[in-house]
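What follows is a single structure, written as structure tokens, with notes after it.
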Amino acid sequence: MTRKAYTAKNAVASGPYSHAVDGGEFIYLSGQTAMNTVGADKMTGNIGAQTKQCFTNLFEVLEAGNLTPDDVVKVNVYLTDMKNFTAMNEVYKTFFADPYPARTCVAVLALPLGAEVEIELIAKRTC
């Protein structure tokens, strides 16, 4: 079996992984940070801008797999500081409509490339 993968147009992987792997009915998107994007250094300390860029990167991957935000069933958010939860949440809610995907949000010690937020998705292909 050959693994089918999808890539964001404007983000780079910071390691040996695919932006998304097609699992048939489900598509698993790797975590994206704003730091995988050109100009990311200007977003340091701005959780709103970083959250928006995470979703921009993720939605490019969804588009490459012929999916939309409406196909997202699960979101995992990783924050380096839970004090940023409200600011992240304000941006987050602009990217989805009710009923929202299931979500987990956890605090972590650190993220790659000095990011303050990382977001990953699972989407379900509709037939």
Side-chain angles (χ1 to χ4, degrees):
M1 178 178 114
T2 302
R3 190 173 323 168
K4 185 172 184 179
Y6 304 105
T7 303
K9 295 180 283 190
N10 297 307
V12 296
S14 56
Y17 63 88
S18 298
H19 286 160
V21 173
D22 193 323
E25 187 177 3
F26 290 94
I27 291 69
Y28 300 88
L29 284 77
S30 296
Q32 286 285 324
T33 73
M35 301 311 161
N36 294 103
T37 310
V38 175
D41 56 326
K42 297 175 183 162
M43 291 183 244
T44 301
N46 186 337
I47 198 69
Q50 287 188 43
T51 301
K52 182 177 179 181
Q53 189 62 54
C54 287
F55 279 114
T56 298
N57 295 351
L58 288 162
F59 288 0
E60 284 182 5
V61 178
L62 285 174
E63 185 178 326
N66 294 315
L67 297 161
T68 72
D70 291 337
D71 297 311
V72 175
V73 294
K74 177 72 166 105
V75 180
N76 292 327
V77 179
Y78 305 93
L79 293 169
T80 57
D81 189 338
M82 276 300 183
K83 291 177 185 171
N84 289 326
F85 179 82
T86 300
M88 175 280 298
N89 212 40
E90 286 301 308
V91 175
Y92 177 98
K93 69 183 181 183
T94 67
F95 284 94
F96 296 105
D98 195 20
Y100 296 99
R103 182 178 83 182
T104 300
C105 183
V106 297
V108 296
L109 181 62
L111 290 167
L113 307 173
E116 296 162 271
V117 60
E118 181 170 352
I119 302 172
E120 65 182 24
L121 308 176
I122 300 172
K124 185 174 189 246
R125 200 177 295 287
T126 55
C127 297

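One is the number of the first residue; the rest follow in order along the sequence.
- Within the model, atoms CG of Asp71 and OG1 of Thr126 stand 5.0 Å from one another, a figure rounded to the nearest 0.5 Å.
- Note that the CD atom of Glu120 and the CG atom of Leu29 stand 9.0 Å from one another [nearest 0.5 Å].
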Practice problem: Please step through side-chain contact (heavy atoms from CB on, under 4.5 Å) for the pair Ile119 and Leu58, ending with a clear verdict. | Solution: CA-CA 8 Å; Ile119 302 172; Leu58 288 162; 3.7 Å; yes

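- Heavy-atom contacts from other residues, nucleotides or ligands closer than 6.0 Å to NZ of Lys74 number more than 12.
- Taking both residues in full, the closest heavy atoms of Tyr17 and Ser30 are given as CD1-OG, 3.7 Å, listed atom of the first, atom of the second, then distance.
- The closest donor-acceptor contact from the side chain of Glu116 to the backbone of Gly45 lies under 3.5 Å.
- Taking a 4.5 Å side-chain heavy-atom cut-off between Ile, Leu, Val, Met, Phe, Trp and Tyr, the cluster of Leu113 extends to Met35.
- Residues Val106 and Thr104 approach most closely at CG1-CG2, 3.9 Å, considering heavy atoms.
- How far OH of Tyr6 is from CD1 of Ile27: 6.0 Å, rounded to the nearest 0.5 Å.
- The nearest pair of heavy atoms linking Ala5 to Ser18 is CB-OG, 3.6 Å.
- Annotation for Glu90 and Thr94: closest pair O-CG2, 3.5 Å, computed over non-hydrogen atoms.
- In terms of hydrophobic clustering, with Ile, Leu, Val, Met, Phe, Trp and Tyr side chains grouped at heavy-atom distances under 4.5 Å, Val72 and Val21 are assigned to different clusters.
- Side chain of Arg125 to main chain of Asp22: no donor-acceptor pair is present (N/O by atom type, distance under 3.5 Å, no hydrogens or angles).
- Using a distance-only test at 3.5 Å, with no hydrogens or angles considered, no donor-acceptor pair links the side chain of Thr7 to the main chain of His19.
- Distance check: Leu79 CG to Met88 CE gives 5.0 Å after rounding to the nearest 0.5 Å.
- Residues Val75 and Val108 do not share a hydrophobic cluster, clusters being chains of Ile/Leu/Val/Met/Phe/Trp/Tyr side chains in contact below 4.5 Å.
- Placement of Val91 and Phe59 within a single hydrophobic cluster is found when ILVMFWY residues are connected by side-chain heavy-atom separations under 4.5 Å, directly or transitively.
- Ile122 belongs to a hydrophobic cluster with Phe26, Tyr28, Val73, counting contacts under 4.5 Å between side-chain heavy atoms of Ile, Leu, Val, Met, Phe, Trp and Tyr, direct or through other members.
- Arg103 forms a cation-pi arrangement with Tyr92, by the criterion of a distance under 6.0 Å to the ring centre and an angle within 45° of the ring axis.
- Taking each heavy atom of Phe85 and Cys105 in turn, the nearest pair found is CD1-SG, 3.8 Å.
- The structure places CD of Glu63 at 10.5 Å from OG1 of Thr68, a figure rounded to the nearest 0.5 Å.
- Using modelled atom types, one finds no donor on one side chain facing an acceptor on the other under 3.5 Å when comparing Asn89 with Thr86.
- At a cut-off of 3.5 Å, with distance as the only test, a side-chain donor of Glu60 or Asn10 sits close to an acceptor on the other residue.
- No hydrogens or angles considered: nothing links the side chains of Gln50 and Asn46 as a donor-acceptor pair under 3.5 Å.
- Atoms NZ and CG, from Lys52 and Asn57 in turn, are 12.5 Å apart once rounded to the nearest 0.5 Å.
- In this pair, Phe95 and Phe55 present their aromatic rings parallel. The plane angle is below 30°, not in the 30 to 60° band.
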